[in-house]
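One structure is given below, encoded as structure tokens.
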There are 2 protein chains.
Amino acid sequence: MAVTGPGGTPARERVHRAAVRLFATKGFHGTGIRDLAKAANLSSASLYHYMPTKERLLADIMRSSLQSLLDAALAELDGLDDPVERLDRLVVLHVTRHAREPMRTRVVDNEVDALTPASRRDVVGIRDAYEKLWSDALDDGLRSGVFTTTRPATTRLALLDMCNGVARWFSPGGELGRNDLAEHYADLARRLVGAPPRPPR
Amino acid sequence: MAVTGPGGTPARERVHRAAVRLFATKGFHGTGIRDLAKAANLSSASLYHYMPTKERLLADIMRSSLQSLLDAALAELDGLDDPVERLDRLVVLHVTRHAREPMRTRVVDNEVDALTPASRRDVVGIRDAYEKLWSDALDDGLRSGVFTTTRPATTRLALLDMCNGVARWFSPGGELGRNDLAEHYADLARRLVGAPPRPPR
DNA sequence: GCGGCCCGATCAATCGATCGATAGACCAGA
DNA sequence: TCTGGTCTATCGATCGATTGATCGGGCCGC
């Protein structure tokens with residue numbers, strides 16, 4: 001088993017983590033193979049035992065992040081019918097994740113066009129499936145009259161952009177915890193789509 | 001006068017424009033000096049007649065974009081007292097600009113950490129002054145009771161993120177024109193901060 | 001023939017990636 | 001218990017290509 005390295009963290013994981021941190025802060029093209037090696041406590045040659053290519057490492061990070069978000073969302077919505085509840089859950093899940101792993105999310109959001117066309121197709125496919133959950137909840141709510149907006153498509157984009165923004169400024173040490181933040185965003189989302197406010201706890 | 005070049009556009013402007021387009025689509029670090037030269041119909045050597053450095057070109061683009069946004073906002077708000085009207089105007093101006101020049105805005109929003117510390121200080125300074133206009137409008141409205149939110153700071157961030165998102169997906173050929181889009185966002189903004197809806201036109 | 005534009009050629013540095021080699025863990029057969 | 005072989009993890013050295021930037025000189029309208 002590969003359990004060497006200072007701190008006991010396996011090398012594969014160190015590479016992954018370092019890549020997320022560097023890609024998020026300096027960008028994919030701004031991160032050299034040697035920066036990555038230094039951050040993972042490896043030589044740049046050893047790096048290639050854990051990734052086929054710098055681009056594929058990026059693609060793997062993005063793919064797995066998005067897939068786990070999609071899976072979690074599907075599990076969260078399972079069996080649910082009420083559009084308001086579905087929206088609540090989507091917002092809370094989304095914001096919680098973005099606040100828990102802002103770096104990873106920043107990579108997913110900002111580095112899409114550093115991917116090769118093939119990788120991009122995969123990643124965008126997963127993202128579209130995820131965003132369809134939002135569209136469906138919104139459409140159902142509009143049909144049943146519990147949401148109101150004159151421009152559903154634009155409102156959906158505004159809603160998603162609002163929630164995505166969290167990853168850009170959230171820092172774990174802030175005054176607001178992840179859960180309170182997510183609850184607040186659920187309130188804001190209801191306001192945006194014209195749904196009745198959530199009952200106070 | 002330098003008015004050569006196919007199409008009659010002066011070289012300095014061609015460089016500027018090409019840089020905005022390339023930085024926005026491929027990122028600052030993803031754009032080579034030769035890509036830039038080709039897009040501006042110049043040799044990579046001639047490029048340096050119009051910019052001291054690639055990084056300074058980026059800094060100039062960001063600085064002038066932000067400064068013109070701040071100036072326009074100050075002009076727009078001049079003499080205005082009512083927080084609701086100030087918020088309306090800020091949203092309409094912001095969204096209109098983001099929709100008119102999504103490329104330029106994407107550069108401003110995404111490439112901040114490609115700047116040297118000195119350039120970054122300048123740029124962030126202007127951005128902070130601009131965002132303070134939003135904070136002030138929001139605070140005044142909260143004080144006077146016309147806005148309602150439990151978390152003013154977070155709500156401000158959510159509001160700004162929502163409006164910033166426009167630059168990431170707006171394309172001029174879409175079904176919605178710039179002005180209609182801006183009006184819709186003004187409605188959404190009022191909902192977010194708990195202000196009464198705008199009177200229908 | 002002077003000055004603003006412009007370029008081909010080229011610089012040192014860095015890029016992503018590959019090479020051959022070494023050290024150690026593990027296992028099979030004697 | 002020793003031995004030979006295989007596998008994984010790691011490295012220094014180096015590959016060709018590309019990077020941002022520079023230099024010396026050519027062209028052209030004045």
Side-chain angles (χ1 to χ4, degrees), chain A residues 1-23 25-62 107 111 113-119, chain B residues 1-23 25-62 107 111 113-119:
Chain A
M1 288 285 275
V3 279
T4 38
T9 317
R12 167 159 268 108
E13 195 182 323
R14 295 204 314 274
V15 172
H16 212 267
R17 278 219 248 267
V20 168
R21 201 183 78 237
L22 291 175
F23 291 168
T25 54
K26 311 175 35 169
F28 175 74
H29 291 299
T31 302
I33 221 67
R34 289 160 185 82
D35 303 329
L36 188 52
K38 185 173 296 183
N41 258 82
L42 284 173
S43 74
S44 66
S46 303
L47 227 47
Y48 284 83
H49 278 265
Y50 302 101
M51 63 184 206
T53 269
K54 196 180 89 157
E55 189 270 340
R56 286 277 290 272
L57 175 63
L58 172 67
D60 282 349
I61 289 174
M62 296 182 67
V107 174
E111 303 295 340
D113 40 39
L115 295 170
T116 61
S119 301
Chain B
M1 285 284 276
V3 279
T4 39
T9 317
R12 168 161 267 107
E13 195 182 325
R14 295 205 311 275
V15 172
H16 211 266
R17 278 220 249 266
V20 168
R21 202 184 76 237
L22 291 175
F23 291 168
T25 54
K26 313 175 35 169
F28 175 74
H29 290 299
T31 302
I33 220 69
R34 288 158 185 82
D35 303 328
L36 188 53
K38 185 173 298 183
N41 259 81
L42 283 174
S43 75
S44 67
S46 303
L47 227 46
Y48 285 83
H49 279 265
Y50 303 101
M51 62 183 207
T53 268
K54 197 179 88 159
E55 188 271 340
R56 287 277 290 272
L57 174 63
L58 172 67
D60 281 350
I61 290 174
M62 297 182 67
V107 174
E111 304 296 339
D113 40 40
L115 295 171
T116 61
S119 301

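In what follows, every chain begins at residue 1, and chains take the letters A, B, ... in the order their sequences are listed.
With sequence neighbours excluded, the residues forming a side-chain contact (heavy atoms from CB on, under 4.5 Å) with A/Ala114 are A/Phe28, A/His29, A/Leu58, A/Glu111, listed by chain and number. Shown here are the side-chain hydrogen bond (donor to acceptor under 3.5 Å, both in side chains) partners of B/Asp113, two or more places apart in sequence or in another chain: there are none. Partners of B/Ser43 under the side-chain hydrogen bond (donor to acceptor under 3.5 Å, both in side chains) rule, at least two apart in sequence or in another chain, are B/Ser46. Applying the salt bridge (Lys or Arg N to Asp or Glu O under 4.0 Å) criterion to B/Glu13, with sequence neighbours excluded, gives B/Arg17.
Between A/Leu36 atom CG and C/dT14 atom C1' the separation is 16 Å, expressed in whole Å. Between B/Asn41 atom CG and C/dC5 atom C1' there is a gap of 15 Å when expressed in whole angstrom units.
Sorted by first and then second residue, the pairs that involve residues 51-62 of chain A and meet side-chain hydrogen bond (donor to acceptor under 3.5 Å, both in side chains), not counting sequence neighbours, are A/Glu55-A/Thr116, A/Glu55-A/Ser119, A/Asp60-A/Arg63. Residue pairs that meet the salt bridge (Lys or Arg N to Asp or Glu O under 4.0 Å) test with at least one member in residues 27-49 of chain B, sequence neighbours left out, are B/Lys26-B/Asp35.
Counting non-hydrogen atoms under 4.0 angstrom, A/Leu42 reaches the backbone sugars and phosphates but no base.
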Reading nucleotides 24-30 of chain D from 5' to 3' and marking B where a protein heavy atom lies under 4.0 Å of the base, S where only the sugar-phosphate is that close, and - otherwise, the string is -------

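Atom CZ of A/Arg14 and atom CG of A/Leu36 lie 11.5 Å apart (nearest 0.5 Å). Rounding to the nearest 0.5 angstrom, the gap separating the CG atom in B/Leu57 from the CD1 atom in B/Ile33 is 8.0 Å.
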Filtered N/O pairs between nucleotides 15-19 of chain C and protein, under 3.5 Å:
unit_1: C/dG16; atom_1: OP1; unit_2: A/Thr31; atom_2: O; d: 3.3
unit_1: C/dG16; atom_1: OP1; unit_2: A/Lys54; atom_2: NZ; d: 2.7
unit_1: C/dG16; atom_1: OP2; unit_2: A/Ile33; atom_2: N; d: 2.6
unit_1: C/dG16; atom_1: N7; unit_2: A/Arg34; atom_2: NH1; d: 3.1
unit_1: C/dG16; atom_1: N7; unit_2: A/Arg34; atom_2: NH2; d: 3.4
unit_1: C/dG16; atom_1: O6; unit_2: A/Arg34; atom_2: NH2; d: 2.9
unit_1: C/dA17; atom_1: OP1; unit_2: A/Thr53; atom_2: OG1; d: 3.4
unit_1: C/dA17; atom_1: OP2; unit_2: A/Tyr48; atom_2: OH; d: 2.7
unit_1: C/dA17; atom_1: OP2; unit_2: A/Lys54; atom_2: N; d: 3.1
unit_1: C/dA17; atom_1: O5'; unit_2: A/Tyr48; atom_2: OH; d: 3.3

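Side-chain nitrogen and oxygen atoms of A/Ser46 include at least one within less than 4.0 Å of the OP1 or OP2 phosphate oxygen of D/dC11.
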